[in-house]
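Below you'll find the structure, written out as structure tokens, and then a few comments.
The chains referred to below are lettered A, B, ... by the order of the sequence lines, with proteins before strands, and numbering in each begins at 1.
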Protein chains: 2
Amino acid sequence: MAKKEHLFIVFENLIKIKSECSCEIFSECGLSDITMKQIGYLKVIDEHGDVTFSKLAKITNHSKPTITEMINKFARMQCVYREKSPDDGRIYYIRLTEKGQRIARAEEKALLRVIEKMADSMDEKEMESLIKLLEKVR
Amino acid sequence: MAKKEHLFIVFENLIKIKSECSCEIFSECGLSDITMKQIGYLKVIDEHGDVTFSKLAKITNHSKPTITEMINKFARMQCVYREKSPDDGRIYYIRLTEKGQRIARAEEKALLRVIEKMADSMDEKEMESLIKLLEKVR
DNA sequence: GATGATTAGGGTAATGCTAACTAACTTAAT
DNA sequence: ATTAAGTTAGTTAGCATTACCCTAATCATC
């Protein structure tokens, strides 16, 4: 029992470090009060290449005007910009700015920072045994 | 480099398991679209014992009517109830129901479930070395 | 009279919609 | 090949709902 408790504390610490890292990233971008929903949309845009307004409307199950409004807001926040399709003048691709991408990938980045910290505090052999231990959890 | 990447994947998996666990808890409670803010309030109520309306107003830096409304909403969601003070008829304590407590502690509970999974997949000795390894990260 | 909670009534912003429109493309008929 | 008639992509206008917060007034209790 004591071991589980101990492990709990250790992990709580790790998770705290990670969430501090992601908050850091949001405030680095000057977007401390971005919502979970907004981050979700940025992730969708990040994950699907060449997203158009209609496509995003379908993916997120929203109307086209809703998407227009959302993208306008993101554009004002300098997270996205429109890129006109060279083949079809009606179509605009929604592209993430560097800032938009940073936000979309903040969780990933935060985890990476934590991994860096780990790597700094242990040697190759220890890393290896850590991986072996955690790999088993399903 | 490869080791870090590997560790990244392993941790990503753990985090995914944990967030699945907390989503599970919210949907077990029939509150899949509860907001972060609401969870925050429930946590405040959970952490401070004997919270009154005025006290919660002070803690959260909101007006009393705002608190009344918030608590009414939580009461409708069956997350809290009022308990009249035996000493002072003007005072009501805000108490979490079992459901409210489950929500307030969902993150904690989710982590516990993951720890359980870990404990299931390794022996005492392995647990010990895992703790030793992760303890170093600051 | 002071204090704790509520009620009444209001404001703003987020988030979503439908309907109508413009611009750009496609098709089909001449 | 041209042009008229659709179709499609995105935008605009206008509206509804909900979240979230307030002040002022009220009621009950101390």
Report task. Tell me, please, which residues at least two apart from A/E126 pass salt bridge (Lys or Arg N to Asp or Glu O under 4.0 Å). Result -> B/K136
**Report entry** Partner set under side chain to side chain contact (heavy atoms under 4.5 Å, CB included) for B/L7, not counting sequence neighbours
**Finding:** A/I115, A/M118, A/M127, A/L130, A/I131, B/F11
Query raised in the report: Between B/T66 and D/dC22, is there a side-chain N or O to OP1/OP2 distance below 4.0 Å?
Result: yes
Report summary line: Outer limits of DNA chain C sitting under 4.0 Å from a non-hydrogen atom of chain B, read 5' to 3', are C/dT3 to C/dT7
Report task. Identify, residue by residue, the members of residues 25-32 of chain A with a heavy atom below 4.0 Å from DNA chain C, and return them in order of residue number, or none. Result -> none
Query raised in the report: Residues from residues 41-53 of chain B sitting under 4.0 Å of DNA chain C, heavy atoms only?
Result: B/T52, B/F53
Query raised in the report: Can you find a pair of side-chain heavy atoms, one from A/I94 and one from A/T52, that are under 4.5 Å apart?
Result: no
Query raised in the report: Do A/D88 and A/R90 sit within salt-bridge range, that is, some charged N less than 4.0 Å from a carboxylate O?
Result: yes
Query raised in the report: With the sugar-phosphate defined as primed atoms, P, OP1 and OP2, and the base as all remaining atoms, what B/S/- string results for nucleotides 24-30 of chain D, 5' to 3', for protein heavy atoms under 4.0 Å?
Result: B----BS
Requested in this report: Taking the side chain as every heavy atom from C-beta outward, state whether B/S54 and B/K64 have any pair of such atoms under 4.5 Å apart.
Outcome: yes
Which protein N or O atoms sit under 3.5 Å from an N or O of nucleotides 4-6 of chain D?
none

Report task. Round to a whole Å and report the spacing from NZ of A/K55 to P of D/dT8. Result -> 18 Å
Query raised in the report: Crowded around A/K99 NZ? As in, over 12 foreign heavy atoms under 6.0 Å?
Result: yes
Query - Distance, nearest 0.5 Å, that separates OG1 of A/T68 from OH of A/Y92 - result: 11.5 Å
Query raised in the report: Which value, rounded to the nearest 0.5 Å, describes the distance between B/K73 atom NZ and B/Y41 atom OH?
Result: 10.0 Å
**Report entry** Check: B/E135/A/H6 side-chain N/O donor and acceptor closer than 3.5 Å
**Finding:** yes
Query raised in the report: So, is B/T35 near the phosphate of D/dA19, with a side-chain N or O under 4.0 Å from OP1 or OP2?
Result: no
Query raised in the report: Is there a side-chain contact between B/E69 and B/T66, using heavy atoms and a 4.5 Å cut-off?
Result: no
Query - Fellow cluster residues of B/I91, listed by chain then number, with links counted only when side-chain atoms sit under 4.5 Å apart - result: B/Y93
Query - Length of the line joining A/K58:NZ and D/dT8:P, which is rounded to integer Å - result: 10 Å
**Report entry** DNA chain C: 5'-proximal contact among B/Y92 and A/K37 (nearest heavy atom)
**Finding:** B/Y92
Requested in this report: Using the side chain to side chain contact (heavy atoms under 4.5 Å, CB included) rule, pick out the option among B/V51, B/L42, B/T97 that qualifies with B/V80.
Outcome: B/L42
Requested in this report: Just do the side-chain hydrogen bond (donor to acceptor under 3.5 Å, both in side chains) check on A/S22 and A/S19 with the steps written out, would you?
Outcome: CA-CA 5 Å; A/S22 47; A/S19 86; 5.6 Å; no
Query - Side chain proximity check, A/L133 to B/S129, heavy atoms < 4.5 angstrom - result: yes
Query raised in the report: What pairs of residues pass the salt bridge (charged side-chain N to carboxylate O under 4.0 Å, His left out) test when at least one of them lies in residues 12-30 of chain B, not counting sequence neighbours?
Result: B/K18-B/E107, B/E24-B/R113, B/E28-B/R113
Report task. Output every pair passing salt bridge (charged side-chain N to carboxylate O under 4.0 Å, His left out) with a member in residues 44-56 of chain B, not counting sequence neighbours, ordered by first then second residue. Result -> B/D46-B/R105, B/D50-B/R95
Query raised in the report: Taking only residues two or more places apart in sequence, or in another chain, which ones meet A/N13 in a side chain to side chain donor-acceptor pair (under 3.5 Å)?
Result: none
Query raised in the report: In residues 67-79 of chain A, which residues come under 4.0 Å of DNA chain C by heavy atom?
Result: A/E69, A/K73
Query raised in the report: Between B/E98 and B/R102, is there a side-chain N and carboxylate O pair less than 4.0 Å apart?
Result: yes
Query raised in the report: B/H62 NE2 to D/dA19 P: how many Å, rounded?
Result: 15 Å
